[in-house]
Amino acid sequence: MTNEKYSIESLKKQVQKTYPDMPEYIQALEDVAEDVLAPESSDSREVLEQNWRALRYLSEPDRIINFRVAWVDDHNRRRFNRGYRVQFNNMLGPYKGGLRFNKALNTSVLCFLGFEQTFKNSLTGLPMGGAKGGSDFDPHGKSREEIQRFCEAFMTQLARHIGPDIDVPAGDIGVGSAEIAYMFDQYRAITGKFSGVLTGKHPVFGGSCFREEATGYGTVYFAEHLVKHEFDETLEDKVCAVSGAGNVALHTAEKLLSKKAKVIALSNSKGTAHFKDGLQQDMLERLKKHIGKRGDLQEFAEQQDITFKQDKKPWALHPQLAFACATQNELDENDAKELIENECLAVFEGANMPCTSAAMQSFKKSPIIVAPSKAVNAGGVAVSGLEISQNRTRLRWQADRVDKKLQEIMHTIFEACCAHGKTGENSAIDYKRGANLAAFEQLSEALRWYGTA
Ligand code: NDP
């Protein structure tokens, strides 16, 4: 059932009245609306209107917080950046979502990430709302001391807006365990409290085992289910290309190696490292150390005599499975065409929204299966949810307990995608539709109980 009044266009128009210049956010909203407002999802005018109203309600962020972060550089000069926290929606639990330090960060990117996070957190089945924040501070080229001073200044501003029952941030691009430690320390100093106000902490001061690994490992657990379901095969010997060389990419590669897959590429914003004979575990260990010390992939490739293809992406290397684990909109229409021509089997969105809308349209017309970020990379926030539980009970779970729970959650998410994503054509699964509808179902149910829609 379609109706102009309750269409994707009318929804976009209303949102754009308040947020006229937010392309990334509109892209994310459209992605969800395409499934929620599809004729197959709304078989009567009444249901269509209900879904449209619920989505309109969910498209409005609760709060966009914006502040100046003043810090001092190594030359004793006062510098400043913009800091943000978008508390998107807390219907299902306290706001939860990462902090990103990246020079291209703006409110459009944060609204897209906060909206995505609301849906992703709903998929985990854990009581968490959605948020995202960060700063346009660029950590590249800064000293460790400058980063520490920036993190402290950032938390000085953010502290008044967060709390274990209010909003629990974590890491994201440019924010790893070191930055989380600096911010946690500052929060402790400001409030005088040792509380579970951030996740992604080191296990010695309240972090969960496996949080660092969780997003990448969860991505591979999801991939394992999909490959079994779709092709009745395992990951063994599958030729995999991974984009990025950060937290998600490196842990995706690590878990792929443990499943005996062949990882032929990693990348960064400068180009692609091509491991012709497949990445080996000992080399990955060295690379993790190198990146951990703020080293660069290209520099590492040169030191280790690995081919580094400047300005090239990994998708031209004929992978059977593509893991997009770097950043939003990194995989465009040309990349999609290349993957289709080279008969890639599936694309896994380890990063948030790494495929452009045009790439998604190309995939839709091809046999390639796309596993969407909301589902694929939900393992990170799921283990963050487990970290919150551990902090609440003042207990520390053993690694195997966390890993087992992560595997269970990823399996449940996979099943939810299958249950909601059946298209009718030979019961083929549309995983994007499955993830969007499963997450929307929880959120719209909460709305009904709150009496809001
Ligand atoms: P990191 O900062 O650890 O790593 C990001 C990596 O991506 C870096 O190697 C960076 O290279 C590379 N990169 C950035 N821009 C581009 C580009 N345009 N083309 C190619 N490579 C690029 O971030 P994370 O690994 O934590 O996050 C990656 C993605 O996963 C993001 O979309 C994030 O939102 C998402 N995510 C992360 C979670 C987590 O737990 N960390 C949880 C869920 C989602 P360079 O250094 O050259 O910029």
Side-chain angles (χ1 to χ4, degrees), residues 24 28 96-105 109-110 112-114 116-117 119-121 123-124 130 132-134 138-141 147 169-180 199-200 207-208 210-219 222 241-254 265-273 287-288 290-292 294-301 308-315 323-332 335 348-356 372-385 387 406:
E24 290 86 358
K96 181 90 200 83
L99 296 171
R100 177 178 290 194
F101 292 168
N102 180 268
K103 63 180 176 205
L105 197 72
V109 171
L110 286 167
F112 125 59
L113 290 166
E116 280 282 299
Q117 195 77 49
F119 278 71
K120 184 187 310 185
N121 293 0
L123 271 184
T124 66
K132 204 80 187 190
D138 182 5
H140 291 98
I147 290 177
D172 191 72
I173 292 181
V175 180
S177 47
E179 290 74 19
I180 292 288
T199 58
S208 176
F210 274 127
R211 172 58 191 92
E212 205 177 335
E213 295 86 349
T215 310
Y217 283 17
T219 295
F222 192 97
V242 181
S243 64
N247 175 299
V248 180
L250 294 175
H251 291 109
T252 295
E254 182 168 84
L266 286 164
S267 70
N268 68 5
S269 47
K270 295 182 196 155
T272 291
L287 175 59
K288 276 169 64 183
H290 180 81
I291 299 281
R294 307 183 62 224
D296 173 80
L297 179 68
Q298 180 174 10
E299 193 182 84
F300 179 83
F308 189 84
K309 295 171 181 268
Q310 196 87 36
D311 296 325
K312 295 279 185 242
K313 300 186 195 178
W315 317 128
F323 292 83
C325 299
T327 191
Q328 70 266 7
N329 290 333
E330 54 160 306
L331 194 161
D332 63 21
D335 303 323
F348 297 92
E349 293 192 315
N352 283 314
M353 203 170 76
C355 300
T356 63
S373 46
K374 292 185 186 69
V376 171
N377 71 27
V381 75
V383 171
S384 274
E387 185 172 330
L406 170 63

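Residue numbers count from 1 along this sequence. Start at 1 and go down the list; that is how both ligands and their atoms are numbered. All values below come from the heavy atoms of this structure, side chains included, with hydrogens, waters and symmetry mates left out.
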Quick one: nearest non-hydrogen protein atom to atom 4 (O) of ligand 1, plus distance? Gly246 CA, 3.3 Å

Counting heavy atoms under 4.0 Å, the part of Cys325 that contacts ligand 1 is backbone

Using a strict cut-off of 4.0 Å, indicate which atoms of ligand 1 neighbour a heavy atom of Arg100. 31 (C), 32 (O), 33 (C), 34 (O)

Should the pair Tyr217 and His251 be assigned to parallel (<30°), tilted (30 to 60°) or perpendicular (>60°) ring geometry? perpendicular

So which heavy atom in the protein is nearest atom 9 (O) of ligand 1, and how far is it from that ligand atom? Ala245 N, 3.0 Å

Option among Thr252, Ile291, Leu287, Thr272 that satisfies the side-chain contact (heavy atoms from CB on, under 4.5 Å) test with Leu266: Leu287

Atoms in ligand 1 with a heavy atom of His140 nearer than 4.0 Å: 45 (P), 46 (O), 48 (O)

Give the residue, atom name and distance (to 0.1 Å) of the protein heavy atom nearest atom 47 (O) of ligand 1. Ser269 OG, 2.5 Å

Any idea which atoms of ligand 1 are less than 4.0 Å away from a heavy-atom of Gly350? 30 (O)

Are any of the N or O atoms of Asp172 closer than 3.5 Å to those of ligand 1? yes

Approximate separation, where rounding is to 0.5 Å, of Lys270 NZ and Leu297 CG: 9.0 Å

For ligand 1, which atoms have a heavy atom of Gly174 less than 4.0 angstrom away? 2 (O)

Between Val381, Thr219, Val248, which one has a non-hydrogen atom sitting closest to atom 24 (P) of ligand 1? Val248

May I ask you to check whether Thr327 has an N/O atom sitting below 3.5 Å from an N/O atom of ligand 1? no

Under the ring pair (Phe, Tyr, Trp, His ring centres under 6.0 Å) test, residues paired with Phe308 that sit two or more places apart: none

Is there at least one pair of N or O atoms, one from Gly380 and one from ligand 1, spaced under 3.5 Å apart? no

Taking only non-hydrogen atoms of Arg211 and a 4.0 Å limit, the atoms of ligand 1 in range are 40 (O)

Within-4.5 Å side-chain heavy-atom neighbours: Leu406 and Phe210: no

Is any side-chain heavy atom of Lys313 closer than 4.5 Å to a side-chain heavy atom of Ser243? no

Determine, stepwise, if the pair Asn102 / Asp138 fulfils side chain to side chain donor-acceptor pair (under 3.5 Å). CA-CA 5 Å; Asn102 180 268; Asp138 182 5; over 6 Å; no

Would you mind checking which non-hydrogen protein atom is closest to atom 35 (C) of ligand 1, with the distance to 0.1 Å? Asn352 ND2, 3.7 Å

Counterpart residues, ring pair (Phe, Tyr, Trp, His ring centres under 6.0 Å), relative to Phe112 (two or more places apart): none

Check: of Val109, Thr215, Asn247, min heavy-atom distance to atom 38 (C) of ligand 1 comes from Thr215

Shortest protein heavy-atom distance from atom 11 (O) of ligand 1, along with the residue and atom involved: Asn268 CB, 3.4 Å

From Leu99 CG over to Ile180 CD1, what is the distance, rounded to the nearest 0.5 angstrom? 6.0 Å

Carefully, step by step, assess Val248 and Asn377 under the rule side-chain contact (heavy atoms from CB on, under 4.5 Å). CA-CA 9 Å; Val248 180; Asn377 71 27; 5.6 Å; no

For atom 29 (C) of ligand 1, what's the nearest protein heavy atom and its distance? Ala326 O, 3.3 Å

Can you find a pair of side-chain heavy atoms, one from Lys374 and one from Glu116, that are under 4.5 Å apart? yes

